[in-house]
Asker: 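Here it is: the structure, laid out below.
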Amino acid sequence: QVQLVESGGGLVQPGGSLRLSCAASGSTLDYYAIGWFRQAPGKEREGVSCISSSDGSTYYADSVKGRFTISRDNAKNTVYLQMNSLKPEDTAVYYCAAAYKEDSGRDVLFSPFWYDYWGQGTQVTVSS
C-alpha cells in the first residue's frame with residue numbers, strides 16, 4: 001500500500017509558477033500509474049495530467065497543455081507537477097493519485113474512480 005503526500009501549493013499571481021510534489025511512502029512508484037487531479041469549489045474533480053503505468057506516456061488536459069508538465073523522479077519516489085503561466089481558473093485543491101495496475105490509455109487515466117490511492121490535497125490559489 002502506498003501513501004501519498006502533496007506539497008508545494010500556495011498563493012501565486014496570474015502568470016506565475018508553482019511546482020507541486022507528490023511524495024510516496026510504503027511502496028515505490030516505479031510501476032504505478034500516477035494522476036494529478038484538481039477540484040474547485042462546487043465543481044467535480046477533474047484530471048489535469050497523468051503518467052501511464054503501461055508505457056510511461058504522459059497526458060494533459062487541454063486546459064493545461066503547454067503550461068503544465070508532469071514528471072517522475074524514481075530515486076526520490078516523487079512525482080511533480082510543474083505549473084507555469086498560471087491563470088485564476090487554475091485555482092483548486094490539487095490531488096495526486098496512484099494505481100498499481102495496467103491502464104488502457106488516456107480515458108482511464110483521467111477517471112478519478114480508477115485510482116486506488118489518494119493524497120490529502122494541496123491548495124493552489126491564483127489571484128492578484
Side-chain angles (χ1 to χ4, degrees):
Q1 190 169 357
V2 66
Q3 293 80 44
L4 305 173
V5 178
E6 302 96 333
S7 61
L11 173 64
V12 63
Q13 292 186 342
S17 297
L18 284 173
R19 188 178 77 159
L20 304 184
S21 300
C22 174
S25 60
S27 182
T28 61
L29 290 179
D30 298 34
Y31 301 107
Y32 281 75
I34 303 295
W36 280 101
F37 291 78
R38 66 186 181 187
Q39 189 165 20
K43 294 189 177 182
E44 293 185 353
R45 192 168 296 189
E46 63 172 353
V48 175
S49 182
C50 307
I51 297 178
S52 168
S53 57
S54 301
D55 60 8
S57 296
T58 57
Y59 301 92
Y60 298 91
D62 288 344
S63 59
V64 307
K65 200 171 295 182
R67 300 188 297 123
F68 290 11
T69 303
I70 191 171
S71 61
R72 183 204 298 258
D73 185 335
N74 289 338
K76 295 184 177 180
N77 213 27
T78 299
V79 177
Y80 302 100
L81 185 68
Q82 178 67 44
M83 306 187 297
N84 299 328
S85 302
L86 283 161
K87 304 175 181 181
E89 51 263 44
D90 295 319
T91 295
V93 178
Y94 283 71
Y95 300 89
C96 68
Y100 187 68
K101 49 192 171 183
E102 293 280 322
D103 64 85
S104 57
R106 190 183 191 279
D107 289 347
V108 166
L109 288 165
F110 271 81
S111 170
F113 304 103
W114 186 75
Y115 290 85
D116 301 312
Y117 306 103
W118 289 85
Q120 82 290 349
T122 185
Q123 176 71 47
V124 172
T125 302
V126 184
S127 175
S128 55

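Because the structure is a prediction, the values reported are computed rather than measured. If you read the sequence from its start, that first residue is 1, and numbering goes on from there. FYI, side chains are in, hydrogens and waters are out, and symmetry mates aren't considered; it's all heavy atoms of this structure.
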Asker: Within the distance-only criterion (no hydrogens, no angle test), does the side chain of Arg72 pair as donor or acceptor with the backbone N or O of Ile51 below 3.5 angstrom?
Answerer: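 Such a contact is absent between Arg72 side chain and Ile51 backbone.
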Asker: List in chain and number order the residues that pass side-chain hydrogen bond (donor to acceptor under 3.5 Å, both in side chains) with Ser53, two or more places apart in sequence or in another chain; answer none if no residue qualifies.
Answerer: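 Ser53 satisfies side-chain hydrogen bond (donor to acceptor under 3.5 Å, both in side chains) with Asp103 once adjacent residues are dropped.
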Asker: Flag the pair Lys101 / Asp116 as yes when at least one side-chain heavy-atom distance between them is below 4.5 Å, and no otherwise.
Answerer: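 Sidechains of Asp116 and Lys101: in contact.
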Asker: Stepwise, does the side-chain contact (heavy atoms from CB on, under 4.5 Å) test hold for Val5 with Gln3?
Answerer: CA-CA 7 Å; Val5 178; Gln3 293 80 44; 5.7 Å; no
Asker: To the nearest 0.5 Å, tell me how far Gln82 CD sits from Leu18 CG.
Answerer: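 Those atoms lie 8.5 Å apart.
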Asker: Could you tell me the separation between the SG atom of Cys22 and the OH atom of Tyr117, rounded to the nearest 0.5 Å?
Answerer: 13.5 Å
Asker: How far does CZ of Arg67 sit from CG of Leu86, to the nearest 0.5 angstrom?
Answerer: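 One finds 6.5 Å between CZ of Arg67 and CG of Leu86.
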Asker: Determine the interplanar angle of the Phe110 and Tyr59 rings, folded into 0 to 90°, and report it as parallel if under 30°, tilted if 30 to 60°, perpendicular if over 60°.
Answerer: perpendicular
Asker: How close do Val2 and Ala98 get, heavy atom to heavy atom, and via which atoms?
Answerer: CG1-CB, 4.4 Å
Asker: Just wondering, are more than 12 heavy atoms of other shown residues or ligands nearer than 6.0 Å to CD in Glu89?
Answerer: yes
Asker: Closest approach of Gly47 and Ala61, non-hydrogen atoms and distance?
Answerer: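 Gly47 and Ala61 have their closest heavy atoms at O-CB, 3.5 Å.
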Asker: Could you tell me which residues satisfy salt bridge (charged side-chain N to carboxylate O under 4.0 Å, His left out) with Glu46, sequence neighbours excluded, listed by chain and number?
Answerer: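 Salt bridge (charged side-chain N to carboxylate O under 4.0 Å, His left out) list for Glu46, sorted by chain: Arg38.
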Asker: Do the side chains of Val79 and Val64 join up, straight or via other hydrophobic residues, at under 4.5 Å, putting them in one cluster?
Answerer: yes
Asker: For the pair Ser52 (side chain) and Ser54 (backbone), establish whether a donor and an acceptor sit closer than 3.5 Å, ignoring hydrogens and angles.
Answerer: yes
Asker: Search all heavy atoms of Asn84 against all heavy atoms of Ser17 and return the closest pair with its distance.
Answerer: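 Heavy-atom minimum between the residues: OD1-OG, 2.9 Å.
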Asker: I'd like to know if Val48 and Trp114 are part of one continuous hydrophobic network [Ile/Leu/Val/Met/Phe/Trp/Tyr, side-chain heavy atoms within less than 4.5 Å].
Answerer: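 No, Trp114 and Val48 fall in different hydrophobic clusters.
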Asker: Specify the closest pair of heavy atoms between Ile70 and Tyr60, including all atoms of both residues, with the distance to one decimal.
Answerer: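 Scanning both residues, the minimum pair turns out to be N-OH, 2.9 Å.
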Asker: If you take all heavy atoms of Leu4 and Ala24, which pair is closest and at what distance?
Answerer: CD2-CB, 3.9 Å
Asker: Measure from the side-chain N and O atoms of Glu6 to the backbone N and O of Cys96, and report whether any donor-acceptor pair falls under 3.5 Å.
Answerer: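 Yes, the answer is positive, given that a donor and an acceptor are paired below the 3.5 Å cut-off.
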Asker: Is it the case that over 12 heavy atoms from other parts of the model lie below 6.0 angstrom from the NZ atom of Lys43?
Answerer: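 Counting other residues, nucleotides and ligands, NZ of Lys43 stays at 12 neighbours or fewer.
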Asker: Angle class for the Tyr32/Tyr100 ring planes (parallel below 30°, perpendicular above 60°, tilted otherwise)?
Answerer: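 It falls in the tilted class, 30° to 60°.
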Asker: If you measure from CG on Leu29 to OG1 on Thr78, what distance do you get to the nearest 0.5 Å?
Answerer: 7.5 Å
Asker: Cut-off 3.5 Å, side chains only: do Thr28 and Asn77 have a donor facing an acceptor?
Answerer: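 Result is no, nothing qualifies.
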Asker: Under 4.5 Å between side-chain heavy atoms, hopping through other hydrophobics if needed: is there a path connecting Tyr115 to Trp36?
Answerer: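 Hydrophobic grouping puts Tyr115 apart from Trp36.
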Asker: Determine the interplanar angle of the Trp118 and Phe37 rings, folded into 0 to 90°, and report it as parallel if under 30°, tilted if 30 to 60°, perpendicular if over 60°.
Answerer: tilted
Asker: Would Lys87 and Asp90 pass as an ion pair if we require N to O under 4.0 Å?
Answerer: no
Asker: Are the side chain of Thr91 and the backbone N or O of Val126 linked by a donor-acceptor pair below 3.5 Å?
Answerer: yes
Asker: Mind checking the CZ-OG1 spacing from Phe68 to Thr58? Nearest 0.5 Å is all I need.
Answerer: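 Reported value, rounded in 0.5 Å steps: 14.5 Å.
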Asker: Supply the atom-to-atom distance Leu109 CG to Ser49 OG, rounded to the nearest 0.5 angstrom.
Answerer: 10.0 Å
